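For reference, the structure discussed in these notes is given below.
It should be emphasised that the depicted structure is a prediction, and the values quoted were computed from it without experimental measurement. Note that the numbering runs from 1 along the sequence shown for the chain.
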Amino acid sequence: MASFIDEREGVFHAVCPLDCPDQCGLLLHKENGRIIKVDGDPQHPVTKGHICNKVRNMTERIYDENRLTYPLKRKGPKGAGKFERISWEEAIQTITSRWKELIDSDGPESILPYSFYGNMGRLNAEGMDRRFFHRLGASRLDQTICSSAGSEGYKYTMGGSLGIDPEDTFQSKLFIFWGINAASTNMHQIALAQKASKQNGAKIIVIDVHKNQTGRLADWFIPILPGTDSALALGMMHILFSENRANQDFLQRYTVGHDELREHVVQYDPHTVSAITGVPAEDIYKLARMYGETSPAFIRIGNGPQHHDNGGMFVRTVACLPALTGQWLVKGGGAIKGNSAYLATNTANLQRPDLLENKQTRVINMNLLGDTLLTLEPPVKSLYVYGSNPAVVAPESNKVRNGLAREDLFTVVHDLFLTETAKYADIVLPATSSFENTDIYTSYWHHYIQLQQPVIEPYAGSKSNLDVFKLLAKGMGFAESVFEETEAEMITQALNNPRNPYLDGINYEALMEHHFMKAKVKPIFPGNLPTPSGKIELLSQKMLEDGYPPLPTYIPLVNDGDHPYQFVPGPNHHFLNSTFSNNQKHISLEKELRVYMNLQDAWKAGIEDGDMVRVWNQRGECVLKATVGENVLPGVVATQGLWADSGDTKQLVNTLTPDRIADMGGGATFFSGRVSIEKI
């Protein structure tokens with residue numbers, strides 16, 4: 001609403017734009033046309049006014065003195081960060097002229113967009129940009145860096161991104177946070193668990209490779225060896241079946257393959273599973289019995305374990321557990337991997353894939369950016385980056401940076417800051433923040449869709465993704481009317497999704513009035529799932545057809561070199577991936593990057609708490625401060641966070657991570673690398 005911008009003083013509704021399941025409702029306080037404070041919206045039914053420090057300090061980022069204010073053109077070597085100011089007219093003309101030349105000489109597939117969800121707004125993350133690149137005929141990006149492996153695995157079992165309503169979990173009596181540091185990445189699910197603990201005596205179990213913030217608040221923390229989570233879930237199934245704790249009536253009515261699964265998990269006895277996972281056999285018995293005896297029981301399936309070679313199979317496996325106990329029929333019971341299906345918009349209307357003339361246009365996995373830039377034939381000659389910072393976030397970052405340094409690669413970066421990736425660009429464009437845009441936001445955890453109206457004017461000379469792609473379309477001579485549509489028109493089209501009955505009654509006008517609205521979601525059961533059988537597929541014929549074992553199966557990690565430690569670089573508390581890692585307020589809150597080691601390993605290596613250590617493998621090296629204790633099992637080392645480049649420090653953990661592709665969905669394998677460590 002224009003009045004949000006026009007009004008110089010007041011408190012205005014907003015949405016957190018970060019790639020986080022909570023997607024908080026916000027209130028922005030303005031004085032003299034500037035945002036002076038970010039609060040949570042106490043009226044939001046799920047987030048209820050509570051927000052994290054990342055967002056509470058968002059004004060530090062919006063008004064950071066290093067924010068870009070005008071377009072830049074490179075005048076020094078790539079990576080040096082030397083630029084000169086140019087106009088928007090020159091920037092657009094330079095980009096479109098170069099692309100026209102490349103299309104004539106190498107074809108449109110020589111151009112590759114690279115983006116992710118630095119801003120979760122639907123219009124700016126997957127709207128006008130997709131229309132533009134479809135019309136251009138550019139190579140297509142397979143956006144698989146985050147949750148694709150787990151989503152595919154969950155789909156084999158449950159048919160789609162469908163879980164329980166998180167608002168119901170205050171009734172749960174057992175919470176299992178499996179491979180998710182929810183205190184940092186899903187704080188309102190923690191709040192619901194703590195509420196249930198106080199009101200219902202609910203118990204909180206955390207299963208993870210690192211005793212992080214979430215592990216420290218648990219009633220019971222279960223450390224596990226990386227990449228072995230599916231074995232633990234199968235061990236639980238073994239006990240549930242062998243001790244007659246399975247809900248036979250639910251299995252008969254709502255699943256396929258339960259008899260085959262019962263026979264299959266005989267091999268996963270607790271002692272065998274203990275040897276694989278590092279979890280004592282008696283703890284496996286205790287965990288399975290607690291899960292079988294407690295109702296409602298809820299599993300929050302995290303992103304962590306899916307970032308392994310076997311990540312898709314892990315999620316497929318753990319998604320079977322609520323079926324064995326019939327928890328899907330109990331309010332507050334079941335699981336959540338994601339809930340995005342409930343808020344699915346009309347992507348065809350929004351992205352217009354019909355504009356792509358060549359339906360065989362190549363698709364490039366974003367995890368393979370380094371290989372793509374260095375070895376792909378025919379080569380990528382131009383890269384357009386927005387909503388992402390691949391020089392920091394992509395795996396095998398030394399390889400990525402070598403690719404970005406190619407003099408023949410014409411690179412454009414659209415961002416709020418001169419990021420590590422932007423330093424390799426030929427043209428840099430200043431981006432708006434989400435609080436300067438009109439957009440809609442759909443959570444992948446709770447069931448609310450929210451409207452963001454611009455609260456402040458675009459910062460200095462910055463422009464939104466949507467506006468830039470309109471300018472690029474005009475510069476390329478694209479005459480289609482889809483490049484002239486307003487935000488209101490695009491939102492209306494996106495919400496017009498006859499295939500999603502959950503959005504009935506939700507439209508642009510209603511969102512203008514209410515700011516946020518809940519999808520009309522019903523319990524999953526009784527009902528049919530979008531699987532081939534319409535039931536939970538404990539045995540999946542589709543998996544067999546696709547070349548996978550049809551039953552949940554433990555598959556060991558790939559051999560990643562002769563290094564003694566499994567390396568798990570998890571997310572940190574005050575950044576979101578690389579976002580905020582260049583903002584001084586957030587850096588001061590996060591303090592420093594550390595590597596966590598077990599006491600036994602440290603003693604053998606002659607490393608003491610606080611020592612500076614070199615962490616290395618065949619891909620690169622880091623220099624980090626060691627934290628020695630019992631927060632990880634022997635043979636495991638962990639870090640927290642993607643820190644921005646700072647002088648000559650070697651703290652970019654993705655120099656160490658593999659760019660292998662996971663078992664399903666083209667996913668990343670960040671946590672399946674191995675490293676060596678020595679004291680400096």
Side-chain angles (χ1 to χ4, degrees), residues 1-5 12-28 41 43-47 55 58 115-132 143 161 338-352 386-387 431-456 458 463-470 482 485-521:
M1 183 185 295
S3 63
F4 276 29
I5 294 177
F12 303 90
H13 286 278
V15 189
C16 175
L18 299 177
D19 188 357
C20 168
D22 296 47
Q23 201 165 91
C24 298
L26 304 178
L27 295 177
L28 306 182
D41 183 354
Q43 300 304 312
H44 192 283
V46 180
T47 61
V55 183
M58 185 74 89
S115 69
F116 207 63
Y117 291 93
N119 176 352
M120 289 292 289
R122 283 289 173 260
L123 304 192
N124 282 278
E126 52 181 62
M128 194 62 73
D129 59 320
R130 307 297 172 88
R131 296 180 180 192
F132 176 82
Q143 292 185 309
S161 186
N339 273 329
S340 58
Y342 296 124
L343 297 171
T345 56
N346 190 325
T347 55
N349 281 354
L350 192 58
Q351 301 178 12
R352 294 301 299 270
Y386 57 105
T432 52
S433 74
S434 66
F435 300 154
E436 300 153 43
N437 302 334
T438 298
D439 219 323
I440 53 169
Y441 291 81
T442 58
S443 171
Y444 50 88
W445 171 63
H446 63 65
H447 294 164
Y448 290 83
I449 187 168
Q450 303 180 73
L451 174 69
Q452 174 70 61
Q453 300 169 68
V455 176
I456 52 175
K463 295 184 185 295
S464 69
N465 283 343
L466 186 142
D467 286 337
V468 171
F469 284 110
K470 285 186 174 183
V482 297
E485 290 175 350
T486 66
E487 288 94 333
E489 289 172 325
M490 292 180 70
I491 291 171
T492 298
Q493 293 169 14
L495 295 177
N496 179 18
N497 188 7
R499 300 178 65 181
N500 184 4
Y502 305 120
L503 292 183
D504 284 352
I506 299 177
N507 54 50
Y508 178 66
E509 290 74 22
L511 284 170
M512 286 281 285
E513 178 181 355
H514 299 291
H515 309 296
F516 51 79
M517 298 178 72
K518 188 174 186 179
K520 293 177 172 59
V521 178

Are side-chain heavy atoms of M517 and L511 found at a separation under 4.5 Å?
-> yes

Rounded to the nearest 0.5 Å, how far does OG of S464 lie from CD of E487?
-> 6.5 Å

Output for pair (L123 CG, T438 OG1), nearest 0.5 Å, gives 8.0 Å

Do any N or O atoms from the side chain of K463 and from the backbone of F469 form a donor-acceptor pair under 3.5 angstrom?
-> no

CD1 on I5 to CD on E436, rounded to 0.5 Å | 9.0 Å

Heavy-atom nearest pair, H13 first then V455, reads O-CG2, 4.1 Å

If only atom types and distance count, is the side chain of H447 paired as donor or acceptor with the main-chain N or O of L343 below 3.5 Å?
-> no

What are the two closest heavy atoms between L466 and M490, and how far apart are they?
-> CD1-SD, 3.6 Å

For S443, side chain to side chain donor-acceptor pair (under 3.5 Å) partners two or more places apart = none

Qualifying residue for side chain to side chain contact (heavy atoms under 4.5 Å, CB included) with N346, from L503, L495, N497, N500 | N497

Are the side chains of Y386 and S115 in touch, meaning some heavy atoms are under 4.5 Å apart?
-> yes

Spell out, as yes or no, whether a donor-acceptor pair under 3.5 Å connects the side chain of D439 to the backbone of R122.
-> yes

Distance-only polar pair, side chains of E489 and T492, donor-acceptor under 3.5 Å = no

Will you find, in the side chains of E126 and Q143, an N or O donor that is under 3.5 Å from an N or O acceptor?
-> no

Identify the two heavy atoms, one from Q23 and one from Q450, that lie closest to each other, and give their separation to 0.1 Å.
-> O-NE2, 2.8 Å

Short side-chain to backbone donor-acceptor contact, N507 and E509, under 3.5 Å = yes

With rounding to the nearest 0.5 Å, note down the distance linking OG in S434 to CG in L18.
-> 7.5 Å

Just one of V468, N437, D467 clears the side chain to side chain contact (heavy atoms under 4.5 Å, CB included) bar with N124, so which one?
-> N437

Should the pair Y342 and Y502 be assigned to parallel (<30°), tilted (30 to 60°) or perpendicular (>60°) ring geometry?
-> perpendicular

Where do M58 and F435 come nearest, in terms of heavy atoms and distance?
-> CG-CE1, 3.8 Å

Stepwise, does the side-chain contact (heavy atoms from CB on, under 4.5 Å) test hold for H515 with D41?
-> CA-CA 11 Å; H515 309 296; D41 183 354; over 6 Å; no

Rounded to the nearest 0.5 Å, what separation is found between the CG atom of L26 and the OG1 atom of T47?
-> 7.5 Å

Shortest non-hydrogen contact from H446 toward P21 = CD2-O, 4.1 Å

Can you find a heavy atom in the side chain of I491 that is under 4.5 Å from one in the side chain of L451?
-> yes

How about Y117 and Y444: are their ring centroids closer than 6.0 Å?
-> no

What's the verdict on salt bridge (charged side-chain N to carboxylate O under 4.0 Å, His left out) for R131 and E485, showing C-alpha distance, side-chain angles and the deciding distance?
-> CA-CA 11 Å; R131 296 180 180 192; E485 290 175 350; 2.7 Å; yes

Any luck finding a side-chain donor-acceptor pair between Y441 and N119 under 3.5 Å?
-> yes

When rounded to the nearest 0.5 Å, the distance separating NE2 of H514 from OH of Y448 is 12.5 Å

Of all heavy-atom pairs between P45 and F516, which one has the smallest distance, and what is that distance?
-> CD-CE1, 3.4 Å

List for me each residue that meets salt bridge (Lys or Arg N to Asp or Glu O under 4.0 Å) alongside R130, sequence neighbours excluded, and say none if there are none.
-> none

